[in-house]
Amino acid sequence: MSVAVAPAGADPALEVADLDFSYSGKPILKQVGFSVAQGGFAVLLGPNGAGKTTLFSLITRLYDRRVGTIRVGGCDVRDLSTAALGQMGVVFQQPTLDLDLTVRQNLAYHAALHGMSTRTARRQADEQVERLGLGDHLRRRVRELSGGQRRRVEIARGLLHRPRLLLLDEPTVGLDVASRRGIVEHAHRLSHDDGVAVLWATHLIDEVHATDQVIVLDRGCVRADGGVADIQAATGTATIADAFDVLTEAGHA
Ligand code: ADP
Ligand code: MG
């Protein structure tokens with residue numbers, strides 16, 4: 001399997017440092033720091049309530065008050081938010097497609113928000129949708145599609161403006177095994193073949209591939225960050241599932 005290599009001297013696709021965040025005085029993220037290389041695939045692995053969605057909300061600037069820095073392709077999301085946001089594609093935890101619009105209309109609307117011309121938008125939409133095996137569905141209303149197809153439309157939408165970083169928040173929850181596998185594989189291809197860096201938030205350990213960077217987040221703290229083999233070695237475990245148990249139990253002790 002190929003491993004993406006960042007160009008020499010390139011800024012990481014995503015860099016988070018010393019990030020603290022509280023809801024109404026309750027600390028949710030504590031000194032969170034990690035980076036994802038250009039074209040890298042990083043799994044943000046954490047149980048429910050770990051702070052994954054909160055972290056995504058900070059990266060995408062839905063929330064702002066915080067201590068620490070977040071850089072996307074070297075741009076601080078605070079200082080250069082338009083430039084930084086333009087480099088990012090996002091698939092949120094809760095689906096955000098308009099069910100009564102067709103696939104093409106949903107994509108065209110998003111493209112317009114990114115200031116793309118109609119012709120470019122159409123070309124990009126056709127390309128992304130084709131790659132995701134949805135070419136026959138462009139004219140169908142989203143309401144008629146399965147859960148897995150809707151998720152793939154959201155991924156296509158997140159890629160329309162050719163971002164360098166794609167954030168996906170629990171994109172396979174509620175899907176059947178075949179749909180889940182297809183989406184995990186597609187995201188890996190984006191990283192390995194197209195050089196799009198991916199941050200994939202999940203609580204599902206079986207979605208981790210052997211070549212992934214794994215960032216274990218538990219109760220707002222990064223408990224481990226590295227390759228699968230490194231994390232297993234550091235915890236004296238034989239599988240990433242066992243490593244995850246050790247790391248999250250240690251956090252609860
Ligand atoms: P995850 O996505 O990993 O499941 P979240 O980021 O959704 O975790 O939640 C992290 C913590 O923040 C949880 O304890 C959750 O209850 C709390 N939380 C999430 N949203 C809010 C909110 N709007 N107000 C207060 N607490 C919140
Ligand atoms: Mg979440």
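Start at 1 and go down the list; that is how both ligands and their atoms are numbered. The structure presented is a predicted model; accordingly, all values stated were derived computationally and were not measured.
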Query raised in the report: Do I215 and L199 come within less than 4.5 Å of each other through their side chains, counting heavy atoms only?
Result: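 Contact flag for I215/L199 side chains = yes.
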Query raised in the report: Does T102 reach the side chain of R140, with side-chain heavy atoms less than 4.5 Å apart?
Result: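 The answer is no, as the side chains (C-beta and beyond) never meet within the 4.5 Å cut-off.
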Report summary line: For the Mg ion (ligand 2) the protein N, O or S atom count under 2.8 Å stands at 2
Query raised in the report: Any protein heavy atom under 4.0 Å from atom 13 (C) of ligand 1?
Result: yes
Ligand 1 and [X], any nitrogen or oxygen pair closer than 3.5 angstrom?
| X | answer |
| --- | --- |
| Y63 | no |
| K52 | yes |
| I28 | no |

Looking at [Y] and [X], is there a salt bridge between them, counting it only when a charged N and a carboxylate O are closer than 4.0 Å?
| X | Y | value |
| --- | --- | --- |
| R131 | D194 | yes |
| D100 | R141 | no |
| D169 | K52 | no |

Identity and distance of the protein heavy atom lying nearest [atom]:
| atom | result |
| --- | --- |
| atom 4 (O) of ligand 1 | G49 N, 2.7 Å |
| atom 7 (O) of ligand 1 | T53 CB, 3.8 Å |
| atom 8 (O) of ligand 1 | G51 N, 3.1 Å |

Query raised in the report: Could you state the interatomic distance from CG (D230) to CG (D225), rounded to the nearest 0.5 Å?
Result: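 Rounded to the nearest 0.5 Å, the CG-CG separation comes to 10.0 Å.
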When you look at [atom1] of [X], are more than 12 heavy atoms from neighbouring residues, nucleotides or ligands closer to it than 6.0 Å?
| X | atom1 | value |
| --- | --- | --- |
| R162 | CZ | no |
| E144 | CD | yes |
| R122 | CZ | no |

Report task. Determine, step by step, whether T69 and E15 satisfy the side-chain hydrogen bond (donor to acceptor under 3.5 Å, both in side chains) criterion, reporting the C-alpha distance in whole Å, the side-chain angles of both residues, the deciding distance to 0.1 Å, and the verdict. Result -> CA-CA 8 Å; T69 53; E15 211 175 352; over 6 Å; no
Determine all donor-acceptor pairs shorter than 3.5 Å in which one atom belongs to a side chain in residues 41-49; sequence neighbours excluded.
none

Query - Under-4.0 Å heavy-atom contact with ligand 1, by part of P47 that carries it - result: backbone
Query - Per-residue contact class, T54 against ligand 1 - non-hydrogen pairs under 4.0 Å - result: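 For T54, the contact with ligand 1 is made by both the backbone and the side chain.
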If the cut-off is 4.0 Å to any non-hydrogen atom of [X], which atoms of ligand 1 fall inside it?
| X | value |
| --- | --- |
| N48 | 4 (O) |
| K26 | 14 (O) |
| A50 | 1 (P), 3 (O), 8 (O) |

Query - Option of least heavy-atom distance to atom 22 (C) of ligand 1 (set: F21, F56, Y23) - result: Y23
Query - Whether H110 and H161 hold their rings parallel, tilted or perpendicular, with breakpoints at 30° and 60° - result: tilted
